[in-house]
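Just so it is clear: chains get the letters A, B, ... in the order the sequence lines come, proteins before strands, and each one is counted from 1. All of these numbers come straight from a predicted model, not from anything done at the bench.
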2 protein chains.
Amino acid sequence: MPLIKFFPIFGRLKAYDRHTFKDDLFAGVLTAIILVPQGIAYSVVAGLPPESGLYSSILPPILYAVFGTSQTLSVGPVSIAAIMVASALQAPEIGALGQPVQSALILAAESGLVMMGMALLRMGGLVNFISHPVLNGFTSGASILIIASQLPHMLGLKPPSCGADASCYLVYIENTSMLTLAVGAIAVALLIFFGKPLAFLIRKTGAKPSFITALSKCAPLLTVMLSTLAVSYVPGLGPQQIAVVGSIPSGFPELSLDFFVPEKWRRLLPYSAFIALIAYVESVAIAKVTANLRGEKIVPNNELIALGAANLAAGVSGGMPVAGGFSRTMVNFSAGARTQMAMLIAAGILALAVMFFTPWFENIPKAALAAIILVAIVPLLRLRNIVDTWRYDQGDGLAQLATLAGVLALGIEEGIALGILLTIVSYLRKTSHPHIAVVGRIPGTEHYRNIKRYRVETWQHLLLLRIDDNITFANVNFIEDFINEELALKPGIRHIVLIFNSVSDVDATALEVLENLNRVLQTSRITLHLSEAKGPVLDKLDKTEFFKHLAPGKVYFRTQEAVDELA
Amino acid sequence: MPLIKFFPIFGRLKAYDRHTFKDDLFAGVLTAIILVPQGIAYSVVAGLPPESGLYSSILPPILYAVFGTSQTLSVGPVSIAAIMVASALQAPEIGALGQPVQSALILAAESGLVMMGMALLRMGGLVNFISHPVLNGFTSGASILIIASQLPHMLGLKPPSCGADASCYLVYIENTSMLTLAVGAIAVALLIFFGKPLAFLIRKTGAKPSFITALSKCAPLLTVMLSTLAVSYVPGLGPQQIAVVGSIPSGFPELSLDFFVPEKWRRLLPYSAFIALIAYVESVAIAKVTANLRGEKIVPNNELIALGAANLAAGVSGGMPVAGGFSRTMVNFSAGARTQMAMLIAAGILALAVMFFTPWFENIPKAALAAIILVAIVPLLRLRNIVDTWRYDQGDGLAQLATLAGVLALGIEEGIALGILLTIVSYLRKTSHPHIAVVGRIPGTEHYRNIKRYRVETWQHLLLLRIDDNITFANVNFIEDFINEELALKPGIRHIVLIFNSVSDVDATALEVLENLNRVLQTSRITLHLSEAKGPVLDKLDKTEFFKHLAPGKVYFRTQEAVDELA
């Protein structure tokens, strides 16, 4: 039992049969076909050599398959993690240390360790505190950064050697390589055509939906193949005219631990922490979508362990940080994957590709990869979503906009941090106004209700207040102010009864404020009482001097008893 | 009316009479007597020349008197702000810029501007989110740092020229100046004697309490005078043997704005922000204590403006960051101060001192000042308080301990930040578990109650859930999980009614999760409904596609209607 808890794969293997395998095989092959161009493309996004993404598609998904709880999540290189790696590598204090490939390994391994640390501390639930508006704003911002990073590849530009003034940008644009742009544009057209238009045309022929899916998902590979063939064999096109991926070493990377450079680990830690956070949040969100559709269950803490192990594996096997990829997972899912065996098959195919076929990848034009990324990323932009969010909830809309603007203006990590901060501050502000009801007795009963909503009996010397929330540092000042305002309005009050039936906790700050309030009330000869307090609250207060200081104030079991005695 | 709102002093002047003035005069003189040694001593704590603290005692309290809402708060140099200034000045990136006096002016002016910015954004309420355990942990930690900063003065040590190894510390201790230690020890003894022992002795003679207070509060001045006389006239003691304050320029500082060095302002901003935060929180806490005792009211936003103006004044008049001081305010209050006129009188006396008496301060031994600080700070240590907090609430105890440890190990700002972070994380964790009740009908009525607490009717196909909190990003995942677990236990359920009578808000994240949940439920042929939703919630949801997606799920006005139709 405990073994299955940590290795969910064993539980599933028992029920595995030939039928399931056939489904997994189809999905696995299809996912692998997407993984090859994506792996190379996302390496380019991250500013790493093309093999980084390929290596990240082998060992990491195998480890996820062993520890993960999603049956269909495709773990490997993803665009958002790639742009976060690029952002870290471009930071001056990281760039100064050199060796970007080594830095990427450290980012992967370190974010893996951060996730495992979060698992140990059972912090899986913390991701709930990254609200969707923040996540959406972040995704939009990161998508814009990815698109901006790919445009030069599409246009065949080299980074400008002059400054950032307008005349320089003109030079930049004049440098556009028309040949490269043509390759990129044709690639984009092909990719778009293989989407809905092709599906629409084929559906008329009565083909099976799974066939249509498979065909349309081959578009990236086909694009890469056609453009590579063009660069290799069409006269006038060639690696001299059009930037290509370049040579990729063949065979497996050596597993290695020689990247342990303490200074680098220390400086990269903040970046790793943010990558861990985002990789985890995005992966769990995607895993949940497919799991819900099949009635399966995702266990957050297991996901932390599984993704942590996958990233650690990426770090020791020459890769880059990994996460669950949305488009790949949806392909895998809709191609009919039943278990993570599909991903093991995909990893096997990638391993074969790395061993035998890397020379074939040498002439892939970067413009074609950029086209694949652009077509994949544009749906993630969702700028319209900000307007919808704003219309629904202004606070959330503001957080989304601030996160997006922060990602673009301040940087990826700063943008996320700003968004989280804003959400939490506005949340704290909201929760700092607990509901408090002045109550009175419904005549002839022992029921006490809000005086604003019911016709109730009240008494001149007695104020009954029902506090409908736990009393904490966040709201105790509001409660104190509320009481003082009530007293200012009703100068005859001699006794206040706080009805505690909704109070499950009184924290240290609240205790101190209540103690002070009681002291001040006593100097004005007003006595504070409690009623209907729950056992745990009474036990907690009993450990302090509170009840001693409350005297002659009492704790009543029922509000009725307080009224009988004080009214 | 609006004028009085911004200048509360005008409201009070109308009722001012000779009697009130007499009270204020006595309190003002007494406070001034404390202010002189404190001002010089806290300058030394901050690592600034002695006049900084004196200048901070003139213009800042005058501005606070004009804008502030507390009648008795004594604004001026305080120990906690002084150690925060010292911490900023010792930071390598600040120290590298040189000119510590200029940096202190910037810290004061900038923290004043931060406070005014907070006032503009009406962020006065945000201080409620610094919980008392964090504040207490911070105070203990800062007190330890202050004591550590004063011990060398008490022992007459110079900073060691060697490194930080053990043998060096021995040299350090061997360098103790016995003469200085003797002066310090006698000063401590005198100060302690003037506390409770003297009051106890005099009370037997039947003296008036106000006389006793006045006498005991003169202890610091008396200590300073006696030790200065000793250094000046006793043969064998002298400025060569015992470190003294040194010469203080006489006359007013020139008001000046020539400290505008953008680079310095930028680097000091984080320090200024923390000083602003702590100065504001501490001042308001102290102001509230005395205001509550007299039934007066503190207006947080006015306090931000008043303290901001006071700090800005400190910055342009050669001072250091200021705040309300606890001991001085208590002296002023218990000496009978009725209005801020007392502080204006004290400021006048300080102005006279700066103009005519600075030569008298030259020979004050630093050891005597250190003794005054030590005796004042020790009561703030309150290490025992951590144990009490821990016993009452472990989470709060942990936050207090972490803040204290953070202040000592990481630095003052880092310690506060850590404490605030811990408190908020643990608060979010707590609030992410809202109360949800599965309810049923009390037979023969239309009342619906928790099935765990009442004997109620339930129906096999129908699940009634009452959600007792607003639905937000922080708790919607818990609610989703709760529903899924209920469904797993009760496979017959076809309809779920969410009773929204306690829900006042559904944020964007919650909406998205509910939409997803609804979609997943629909694939399992389970229909989601709402009942008893409040108007604002319905209006908000109406702006989205939610109700369209809910169909055939409905929104019922009363839960009874849902039961009539679905049961």
Side-chain angles (χ1 to χ4, degrees), chain A residues 125-136 288-289 292-293 295 297 388-389 391-393 395-397 399-400 423-425 427-432 435 468-470 472-478 484 502 504-513 516-517 519-520 523-524 540-541 543-544, chain B residues 125-136 288-289 292-293 295 297 388-389 391-393 395-397 399-400 423-425 427-432 435 468-470 472-478 484 502 504-513 516-517 519-520 523-524 540-541 543-544:
Chain A
L126 273 191
V127 296
N128 296 346
F129 301 121
I130 302 185
S131 71
H132 291 193
V134 169
L135 211 53
N136 290 340
K288 272 194 175 174
V289 170
N292 282 343
L293 287 171
K297 198 162 165 58
D388 291 341
T389 309
R391 282 183 52 203
Y392 178 68
D393 186 313
D396 279 331
Q400 188 162 344
T423 324
I424 289 178
V425 165
Y427 175 70
L428 287 175
R429 265 199 170 166
K430 278 188 199 169
T431 58
S432 65
H435 190 248
D468 288 348
D469 208 340
N470 295 337
T472 67
F473 70 97
N475 65 22
V476 69
N477 291 69
F478 180 86
N484 284 327
S502 293
S504 307
D505 191 38
V506 175
D507 78 359
T509 307
L511 173 70
E512 216 172 307
V513 172
N516 275 333
L517 176 69
R519 199 174 311 136
V520 173
T523 64
S524 327
K540 207 171 162 186
L541 291 174
K543 282 188 277 185
T544 71
Chain B
L126 274 189
V127 296
N128 295 346
F129 301 121
I130 302 184
S131 71
H132 290 193
V134 169
L135 211 53
N136 290 340
K288 272 193 175 176
V289 169
N292 283 342
L293 287 171
K297 198 164 165 57
D388 291 341
T389 308
R391 282 183 52 201
Y392 178 69
D393 186 312
D396 279 331
Q400 187 161 346
T423 324
I424 290 178
V425 165
Y427 176 67
L428 286 174
R429 265 199 169 165
K430 277 188 199 167
T431 59
S432 65
H435 190 248
D468 288 347
D469 208 339
N470 295 338
T472 67
F473 69 97
N475 65 21
V476 69
N477 291 68
F478 179 87
N484 284 327
S502 293
S504 306
D505 191 38
V506 176
D507 77 1
T509 306
L511 174 69
E512 218 172 306
V513 172
N516 276 333
L517 175 69
R519 200 174 310 136
V520 172
T523 64
S524 328
K540 207 171 162 186
L541 291 173
K543 283 188 277 185
T544 72

Task: Heavy-atom contact with chain A under 4.5 Å, split by part of B:V425 - done: side chain
Task: Residue, of B:N516, B:T423, B:I130, B:T389, that accumulates the most heavy atom pairs under 4.5 Å with chain A - done: B:T423
Open item on the list: Please classify the contact of B:L541 with chain A as side chain, backbone, both or neither, using a heavy-atom distance under 4.5 Å.
Closed with: both
Task: Gap separating the CG atom of B:D469 from the CG atom of A:D469, nearest 0.5 angstrom - done: 6.5 Å
TODO: With a 4.5 angstrom heavy-atom cut-off, could you sort out which part of A:V134 is near chain B: side chain, backbone, both or neither?
DONE: neither
Task: Region of B:N136 in contact with chain A, defined by heavy-atom distances below 4.5 Å - done: side chain
Task: For chain A, the option from B:K543, B:R519, B:E512 that forms the most heavy-atom pairs under 4.5 Å - done: B:E512
Task: Between A:T544, A:T472, A:T523, A:L511, the one whose heavy-atom pairs under 4.5 Å with chain B are most numerous - done: A:L511
Open item on the list: With rounding to the nearest 0.5 angstrom, report the CG to OH distance, A:D507 to B:Y392.
Closed with: 7.0 Å
Open item on the list: For A:S504, which atoms come within 4.5 Å of any heavy atom of chain B: side chain, backbone, both, or neither?
Closed with: neither
Task: Proximity breakdown for A:L135 and chain B, heavy-atom pairs closer than 4.5 Å - done: neither
TODO: First locate atom CG of B:D505, then atom CG of A:D393, and finally report the distance between them rounded to the nearest 0.5 Å.
DONE: 6.0 Å
Task: Side-chain touch A:H132/B:V513, heavy atoms, less than 4.5 angstrom - done: yes
Open item on the list: Restricting to side-chain contact (heavy atoms from CB on, under 4.5 Å), what partner residues turn up for A:F478, sequence neighbours left out?
Closed with: A:H433, A:P434, A:I436
Task: Portion of B:S131 that has a non-hydrogen atom of chain A nearer than 4.5 angstrom - done: both
- [ ] Check whether B:R429 gets within reach of chain A through its side chain, its backbone, both or neither, counting any heavy atom under 4.5 Å.
- [x] both
Task: Closest contact, heavy atoms only, A:Y427 versus B:T431 - done: OH-OG1, 3.0 Å
TODO: First locate atom CG of B:L428, then atom CG of A:L428, and finally report the distance between them rounded to the nearest 0.5 Å.
DONE: 6.5 Å
- [ ] Mind checking the CG-NE2 spacing from B:N470 to A:H435? Nearest 0.5 Å is all I need.
- [x] 11.0 Å
TODO: Select, from A:N484, A:V506, A:L517, the one with the greatest count of heavy-atom pairs under 4.5 Å involving chain B.
DONE: A:V506
TODO: Give the member of A:G397, A:A474, A:S432 that has the highest number of heavy-atom pairs under 4.5 Å with chain B.
DONE: A:A474
Task: Minimum heavy-atom distance A:D396-B:A508, with the two atoms named - done: OD2-N, 2.6 Å
